[in-house]
Amino acid sequence: MPAPIRAARGVRDVLPAERAAWSLVERAAHGAARRFGYQLIETPIIEPLELVERGVGEDTDVIAKEIYFVQPRQGSEQRLVLRPEATAGMVRAYFQNGLNQAPPPARLYTIGAMFRHDRPQAGRYREFHQLDVEAIGEASAALDAEVIELAAAWLRALGLEDWTLEVNSIGDGACRPAYLELLKAYYRPLRDQLGPDCQRRLETNPLRLLDCKEPQCQPLRERAPRIADHLCPECARAFVEVRSLLEAAGIPYRLNPYLVRGLDYYTRTVFEFQHRLLGGAQNSLAGGGRYDGLSEVIGYRPTPATGFAAGIERVVLTLQELGRLPAAEPAAELAVLADGPDLAAPVAEVARLARPAVRTLTDASPRSLGAKMRAAGRAGYRWVAILDAAEAERRVVRLRDMDSGQQRELRWEELPSLLGAEPSPAGVAG
RNA sequence: GUGGCUGUAGCUCAGUUCGGUUAGAGCACCAGACUGUGGAUCUGGGCGUCGUGGGUUCGAAUCCCAUCAGCCACCCCA
């Protein structure tokens with residue numbers, strides 16, 4: 001026998017008990033997105049390397065070490081990768097399918113798996129799932145506020161109230177270059193006090209100096225020029241508008257002048273939802289912002305857009321920490337039990353008749369009736385229908401109400417109407 | 001990718017310090033008893049190459065090395 005094959009590192013199985021919580025989170029996401037007029041789309045999990053490279057930024061860690069490459073069958077084939085995030089694919093799909101021909105903005109969302117070759121940790125997996133919400137085609141600050149409000153509505157629908165929202169503006173092509181010069185001018189004399197990473201960032205990606213967590217770098221940023229003080233009139237106006245819209249919507253937020261995105265095509269609004277229960281390093285529930293420069297980078301017409309990505313696993317984890325996971329639901333409401341051997345066919349027929357009314361499973365195993373009843377009791381089924389050979393011949397069952405213990409004989413054909421009349425949510429779950 | 005901690009039954013763990021017969025407990029699972037036919041109780045049962053591979057030794061769950069996996073902190077982000 002070969003060695004047991006285990007799942008790859010950093011990926012995990014979501015079993016039925018936990019999957020119920022996922023369904024809750026996903027249903028809330030669909031509900032929130034639809035209520036804001038966002039439509040569900042699906043984009044491929046594999047995308048061309050170039051899309052991901054340019055969509056994420058070639059100098060980022062994601063590109064440098066976290067990309068999963070798809071092994072090409074021939075060297076000449078296009079290089080494909082597993083998507084590490086959804087936004088670039090969403091924008092590609094928007095243009096490629098002509099959604100830019102409709103009146104803007106396109107309000108789109110998707111839920112799906114993303115892949116990053118990180119070092120696994122609780123709340124951080126190599127395959128993880130995101131809710132991704134994008135409003136593409138319009139520069140209005142109202143859309144920034146809208147996607148934030150959507151995210152907040154989603155979290156609130158799940159009973160998550162204790163998050164914090166941090167907001168910042170990082171300007172645009174008109175004002176950021178000048179600000180970056182100011183930032184560099186501030187940091188250059190302090191270069192020797194910076195960590196090695198930040199010494200490099202000083203010239204390549206100075207915004208990143210602001211959110212460096214190295215103890216030696218942190219104090220220096222206190223006196224650094226703040227971009228909020230150096231926004232161009234348009235960006236300043238947009239920032240004010242986003243903030244006033246959030247206040248009007250009753251969404252509490254905190255200004256974090258050190259919240260940044262490292263890439264050039266991010267503009268103006270950036271934000272992040274956090275939750276303390278997620279613990280230190282992995283406390284981010286969702287993050288996003290405006291990315292007016294992305295479409296050009298991937299070869300399409302300049303088009304403003306804004307959105308966010310949220311971690312499904314992290315939301316589920318937070319619900320778990322709060323003890324708010326939904327109670328495990330029995331797999332069925334009715335179990336049809338064979339009292340004796342060779343009853344598979346009649347048991348299946350009884351179940352078939354009952355299924356239009358209630359979720360029904362069968363147990364025609366050779367175990368004793370006591371064992372089957374014990375299993376049914378533990379599983380929490382509402383009803384049990386028992387039949388032996390003689391009853392099968394007469395087309396009747398003993399129907400037992402597991403709560404009251406009451407039991408009566410009835411004809412198979414009576415099952416659906418009788419059980420259907422009982423108040424029982426036959427809703428679709430997970 | 002860097003550093004640290006940890007891997008024993010399906011799950012939670014004891015045993016490891018200081019090597020010594022057939023490696024333990026609870027939960028869960030299966031069978032039976034008890035109420036014809038239930039969640040409790042009782043009895044019995046498989047619980048396992050002690051993560052994997054190699055080494056030291058008369059002898060390794062225990063010591064050493066490697067490897068894989070999980071967790072924690074970085075890096076980064078969801």
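In what follows, chains carry the letters A, B, and so on, assigned in the order in which the sequence lines appear, proteins first and then strands, with residues in each chain numbered from 1.
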Give the rounded distance in Å between these two atoms: NE2 of A/His129 and C1' of B/C77. 17 Å
Complementary nucleotide for B/A31 - Watson-Crick or wobble, under 3.5 Å: B/U43
Separation between the P atoms of B/G48 and B/A25, rounded to whole Å: 14 Å
Which one, B/A78, B/G70, B/C76, comes nearest to the side chain of A/Arg208? B/C76
B/U62 and B/G24: how far apart are their C1' atoms, nearest whole angstrom? 15 Å
Does A/Arg9 make a side-chain N or O approach to OP1 or OP2 of B/G70 shorter than 4.0 Å? yes
Can you tell me how far C1' in B/C34 sits from the matching atom in B/U52, rounded to whole Å? 47 Å
I'd like to know if A/Asp339 pairs up with A/Lys372 as an ion pair, taking the criterion as any Lys NZ or Arg NE/NH1/NH2 lying under 4.0 Å from an Asp or Glu carboxylate oxygen. no
Using atom C1' of each nucleotide, how far apart are B/U16 and B/C63 to the nearest Å? 10 Å
Can you check the A/Leu209 CG to B/C76 P distance for me, whole Å? 11 Å
Give every residue pair that meets the salt bridge (charged side-chain N to carboxylate O under 4.0 Å, His left out) criterion with at least one member in residues 342-352 of chain A, sequence neighbours excluded. A/Glu349-A/Arg395
Taking A/Arg156 first and then A/Glu149, would you say they form a salt bridge - that is, a charged N and a carboxylate O separated by under 4.0 Å? no
Within this structure, what is the CZ-to-P distance between A/Phe128 and B/C77, rounded to whole angstrom? 12 Å
A/Glu181/A/Arg176 salt bridge by N-O under 4.0 Å criterion: no
Whole angstroms only, please: what is the CZ-P distance between A/Arg119 and B/C77? 19 Å
According to salt bridge (charged side-chain N to carboxylate O under 4.0 Å, His left out), who are the partners of A/Arg355, at least two apart in sequence or on a separate chain? none
So what does A/Gly288 touch, heavy atoms closer than 4.0 Å: a base, only the sugar-phosphate, or nothing? nothing
Quick check on RNA chain B: between A/His117 and A/Leu285, whose nearest nucleotide comes earlier from the 5' end? A/His117
Using a strict 4.0 Å threshold on nitrogen-to-oxygen distance, state whether A/Arg394 and A/Glu409 make a salt bridge. yes
May I ask you to decide whether A/Glu146 forms a salt bridge with A/Arg107, counting only side-chain N to carboxylate O separations under 4.0 Å? yes
With rounding to whole Å, what would you report as the distance between B/G3 and B/A60 at their P atoms? 32 Å
Name the pairing partner of B/G1, where a pair is Watson-Crick or G-U wobble with both distances under 3.5 Å, or state none. B/C74
Base, backbone or nothing for each nucleotide of nucleotides 30-40 of chain B, written B, S, -, heavy atoms under 4.0 angstrom, 5' to 3'? SSS----BBBS
Is the shortest side-chain N to carboxylate O distance from A/Arg382 to A/Asp401 below 4.0 Å? yes
When the P atoms of B/C50 and B/A23 are considered, how many whole Å apart are they? 10 Å
Atom pair distance, as rounded to whole Å: CD in A/Gln130 and C1' in B/C76: 13 Å
Using atom CD of A/Glu166 as one end and atom P of B/C77 as the other, report the distance to the nearest whole Å. 14 Å
Ion pair A/Asp172/A/Arg290, N-O distance below 4.0 Å: no
What is the pairing partner of B/A69, taking Watson-Crick or G-U wobble pairs with both distances under 3.5 Å in any strand? B/U6
Round to a whole Å and report the spacing from CD of A/Glu85 to P of B/C77. 11 Å
Taking only the C1' atom of each, what is the distance from B/C11 to B/G55 in whole angstrom? 33 Å
Take the protein atom CG of A/Leu15 and the nucleotide atom P of B/C11, then report the distance between them rounded to whole Å. 11 Å
Say you pick atom P in B/U43 and the same atom in B/C27; how far apart are they, in whole Å? 11 Å
Classify the nucleic acid contact of A/Ile312 as base, sugar-phosphate or nothing, counting any heavy atom under 4.0 Å across all strands shown. nothing
Any strand, both distances under 3.5 Å, Watson-Crick or G-U wobble: B/C58 pairs with B/G20
